[in-house]
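Read through the structure below, which is laid out as structure tokens, and then see the notes.
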Amino acid sequence: MIGLLSWPLVKGLFRHRSFGREHLPREEGFVLAANHLSNLDPWALGIDLFPRRYLRFMGKAELFWFPLGPIIRAAGAFPVRRGEHDEQAIATAIDVCRRGHVLLMFPEGTRRRKGLFKKHRPRWHTGTARIALAAGVPLVPAAVAGTDRLLRLGPLRAAYGRPLELSDLAGLPSVEAARLATDRLREAITELERSLA
């Protein structure tokens, strides 16, 4: 419903355009990993998957209060407790992927710029790669631009890269495999961001 109502707004008013949709797996679940500029990044990254695929994403647990909680759950979010190892959120994320959904994650952990005081600073985490590796699904890099400038009415841009090659990491310890996959992911997302500049 949200996708249907927002599609004309995103495509018309904000002149949303995307590149690389042909790289997205068509049938299986996968982890879509992107840079994080705004709380509206899932909107810009997910609109081109609508209505064929259901985009799911983690949201900080502090957002799940009434009446916002039911709205963001309906939009595909589930809660994660930041700053701690949230086993329930990780298990939910793996299950989401295995059930064929698209899990959107932001490996930097938080938006890059927001307000004057930030409790959490953006820094690269290995959790995104760990979830993709544990679920046995593709890890797809993406980038978004313009979501931090909506008051200027766009344009919004999204770019999707090819799924990362991770088969060579299969025999490695999980911590090392996740670290190497995260390094590859950082390079791919940075390159996609440059393509949108």
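Here, residue 1 is the first one in the sequence, and each next residue gets the next number.
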Quick one: are Pro107 and Thr182 in side-chain contact, heavy atoms under 4.5 Å? no
If you measure from CG on Leu32 to CG on Leu55, what distance do you get to the nearest 0.5 Å? 7.0 Å
Point-to-point distance, once rounded to the nearest 0.5 Å, from CZ of Phe57 to CG of Leu45: 10.5 Å
Using the rule that two of Ile, Leu, Val, Met, Phe, Trp, Tyr join whenever any of their side-chain heavy atoms come within less than 4.5 Å, decide whether Ile94 and Leu103 are in one cluster. yes
Closer than 3.5 angstrom, by distance alone: can the side chain of Asp148 be matched with the main-chain N or O of Leu37 as a donor-acceptor pair? no
Please check: side-chain N/O of Asn35 versus main-chain N/O of Val144, any donor-acceptor pairing under 3.5 Å? yes
Pair Glu191 + Arg194: basic N to acidic O under 4.0 Å: yes
Which of Leu104, Val96, Ile131 passes side-chain contact (heavy atoms from CB on, under 4.5 Å) with Val31? It is Ile131
Could you tell me whether the side chain of Glu28 and the main chain of Phe30 form a donor-acceptor pair under 3.5 Å? no
Using a 3.5 Å distance criterion without hydrogens, assess whether the side chain of Arg17 forms a donor-acceptor pair with backbone atoms of Pro155. no
Can you tell me how far OG1 of Thr126 sits from CG of Leu185, rounded to the nearest 0.5 angstrom? 11.0 Å
Between Arg53 (side chain) and Arg26 (backbone), is there a donor-acceptor pair under 3.5 Å? yes
Between the side chains of Asp183 and Arg186, is the shortest nitrogen-to-carboxylate-oxygen separation below 4.0 Å, so that they form an ion pair? yes
Co-membership, hydrophobic cluster, residues Ile189 and Leu133, 4.5 Å side-chain: yes
Please answer whether the main-chain N or O of Gly76 pairs with a side-chain N or O of Arg56 as donor and acceptor at a distance below 3.5 Å. yes
Go through the steps to decide whether Arg157 and Phe19 satisfy the test side-chain contact (heavy atoms from CB on, under 4.5 Å), and finish with yes or no. CA-CA 8 Å; Arg157 299 291 181 259; Phe19 311 93; 3.9 Å; yes
Return the OG1 to CD distance between Thr128 and Glu108, rounded to the nearest 0.5 Å. 10.0 Å
Between the side chain of Arg130 and the main-chain N/O of Ala177, is any donor-acceptor distance below 3.5 Å? no
Hey, are Gln88 and Thr92 close enough side-chain-wise for a donor-acceptor pair under 3.5 Å? yes
Checking side-chain contact (heavy atoms from CB on, under 4.5 Å) for the pair Arg184/Leu169: CA distance, chi angles, key distance, verdict? CA-CA 12 Å; Arg184 294 176 191 178; Leu169 306 180; 3.6 Å; yes
Parallel, tilted or perpendicular: rings of His101 and Tyr54 (30°, 60°): perpendicular
Are the side chains of Arg52 and Leu24 in touch, meaning some heavy atoms are under 4.5 Å apart? no
Same cluster (ILVMFWY, side-chain, under 4.5 Å), Ile90 and Phe78: yes
